[in-house]
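Here's the structure, in structure tokens; my notes come after.
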Amino acid sequence: MIDVNGTLVSKGKGGVYGEKMLGEYRVWDPYRSKLAALWYLEKSDWLKSSDVVLYLGAANGTTVSHVADYTESVYAVEFAPRPMQDLLEVSKRRKNIVPIYSDATQPQKYAALLEPADLIYQDVAQPNQAEIAVKHIDFLKTDGRYILMLKTRSVDIRKSPQEVFADSCRELEAGGYFVEKSIWLNPYHQDHAAIILRKAD
């Protein structure tokens, strides 16, 4: 991932969502993208040029567009009609984005469209976020990673974010994952935690 004087950027055609430009680079805003926030907090290179990415909860395509700048292909799943319209427009500007209008809770409906993923990135605001991750474990390559952006307030508003996080990790581990690391996304996104997963041995 490209660092220009401490600023995360991606190299691609600008004007996708009014993002700032630094010469030929697009500025990747951590307040608008949780993946960018994760980079600012721990500076790992999550994206490689040869990667196939499955993106669950693609929304309007803001983060998808940056991911596509870095990777070979992005299969972008979105269920809400209005964001899907924006995602389709973004896909016209990035030939390596495959937009999929479908529900991430039912991967069997789009399984035939996919190929094994080096990275699965999930940003879905639903109560069953851990369950969705478990349902997609078979789409992840053996040595791949799964990044779950846990929106704790969408899971259970009655529990503390820490309780939701602990419960989710237990469910993920019971479903076949190993929790490699986790990081809270403050100050960029409150009550959100990035959980980095691998397939358990």
Side-chain (H189) to main-chain (K151) donor-acceptor, under 3.5 angstrom: no
Criterion salt bridge (charged side-chain N to carboxylate O under 4.0 Å, His left out) on K141 and D143, from CA distance to verdict: CA-CA 5 Å; K141 291 182 180 179; D143 59 348; over 6 Å; no
Side-chain heavy atoms of D69 within contact of K11, under 4.5 Å: no
By side-chain contact (heavy atoms from CB on, under 4.5 Å) - contacts of E180 (at least two apart): R145, F178, I196, R198
Non-neighbouring partners of F165 that pass side-chain contact (heavy atoms from CB on, under 4.5 Å), sequence neighbours left out: L150, C169, S182, W184, A193, I195
Results of ring pair (Phe, Tyr, Trp, His ring centres under 6.0 Å) for Y188 - residues two or more places apart only: Y31
NE2 on H136 to CG on L148, rounded to 0.5 Å: 12.0 Å
Sequence neighbours excluded, every pair satisfying salt bridge (charged side-chain N to carboxylate O under 4.0 Å, His left out) that has a member inside residues 58-68: none
Any V98 side-chain heavy atom under 4.5 Å of V74 side chain: no
Straight-line distance of Y121 OH to L119 CG, nearest 0.5 Å: 9.5 Å
Distance in Å, R26 CZ paired with S10 OG, rounded so as to fall on 0.5 Å steps: 4.5 Å
Nearest-0.5 Å distance that lies between atom OG in S50 and atom CG in D118: 6.0 Å
Polar contact flag, side-chain donor to acceptor under 3.5 angstrom, T62-N60: no
Side-chain donor/acceptor of R94 to backbone N/O of V67, under 3.5 Å: no
Cluster check V52, Y110: I/L/V/M/F/W/Y, side chain < 4.5 angstrom: yes
Shared hydrophobic cluster for L185 and L35 (ILVMFWY, side-chain gaps under 4.5 Å): yes
Aromatic centroids of Y177 and Y146 separated by under 6.0 Å: yes
For A104 against V77, the heavy-atom pair lying closest together: N-CG1, 4.4 Å
Flag side-chain contact, heavy atom, 4.5 Å: I147 against M149: yes
Test item: E131 side-chain N/O and N128 main-chain N/O as donor-acceptor pair under 3.5 Å: no
Separation of M21 CE from E19 CD (nearest 0.5 Å): 6.5 Å
T7: partners by side chain to side chain donor-acceptor pair (under 3.5 Å), with sequence neighbours left out: none
Connected via hydrophobic side-chain network under 4.5 Å: L47 and V4: yes
Exercise: do T63 and R32 side chains pair donor with acceptor under 3.5 Å: no
Distance-only donor-acceptor check, side chains Y75 and E115, under 3.5 Å: yes
Donor-acceptor pair, side chain of D3 and main chain of G6, under 3.5 angstrom: yes
Candidate pair T105 and Q126, rule side chain to side chain contact (heavy atoms under 4.5 Å, CB included), full reasoning: CA-CA 9 Å; T105 66; Q126 295 194 30; 3.4 Å; yes
Under 3.5 Å donor-acceptor, H66 side chain and V64 backbone: no
Which atom of N186 lies closest to which atom of D191, heavy atoms considered: OD1-N, 3.8 Å
Side chain to side chain, R93 and S65, heavy atoms closer than 4.5 Å: no
Single-linkage hydrophobic cluster, 4.5 Å side-chain cutoff, V53 and M84 together: yes
Minimal non-hydrogen separation, I97 against A76, with atom names: CG2-CB, 4.3 Å
4.5 Å side-chain heavy-atom contact, Y70 and M1: yes
Contact summary for A59 and L87, nearest pair of heavy atoms: O-CB, 3.7 Å
Salt bridge (charged side-chain N to carboxylate O under 4.0 Å, His left out): pairs with one or both residues in residues 38-51, sequence neighbours excluded: E42-K181
Side chains of W28 and I2 in contact at under 4.5 Å (non-hydrogen atoms): no
Linked, directly or transitively: I120 and L38 (ILVMFWY side chains, under 4.5 Å): no
Trace of the salt bridge (charged side-chain N to carboxylate O under 4.0 Å, His left out) decision for R170 with E173: CA-CA 5 Å; R170 282 192 288 270; E173 289 171 341; over 6 Å; no
Side-chain donor or acceptor of E78 paired with backbone N/O of A80 under 3.5 Å: yes
Salt bridge (charged side-chain N to carboxylate O under 4.0 Å, His left out) evaluation trace for K109 with D103: CA-CA 8 Å; K109 291 188 175 181; D103 185 349; over 6 Å; no
Side-chain heavy-atom pair S154, Q129 within 4.5 angstrom cut-off: yes
Flag, side chain of S33 to backbone of D29, donor-acceptor distance under 3.5 Å: no
Closest heavy-atom pair and its distance - L140, K199: O-NZ, 2.7 Å
Shortest non-hydrogen contact from I132 toward V124: CD1-CG1, 4.1 Å
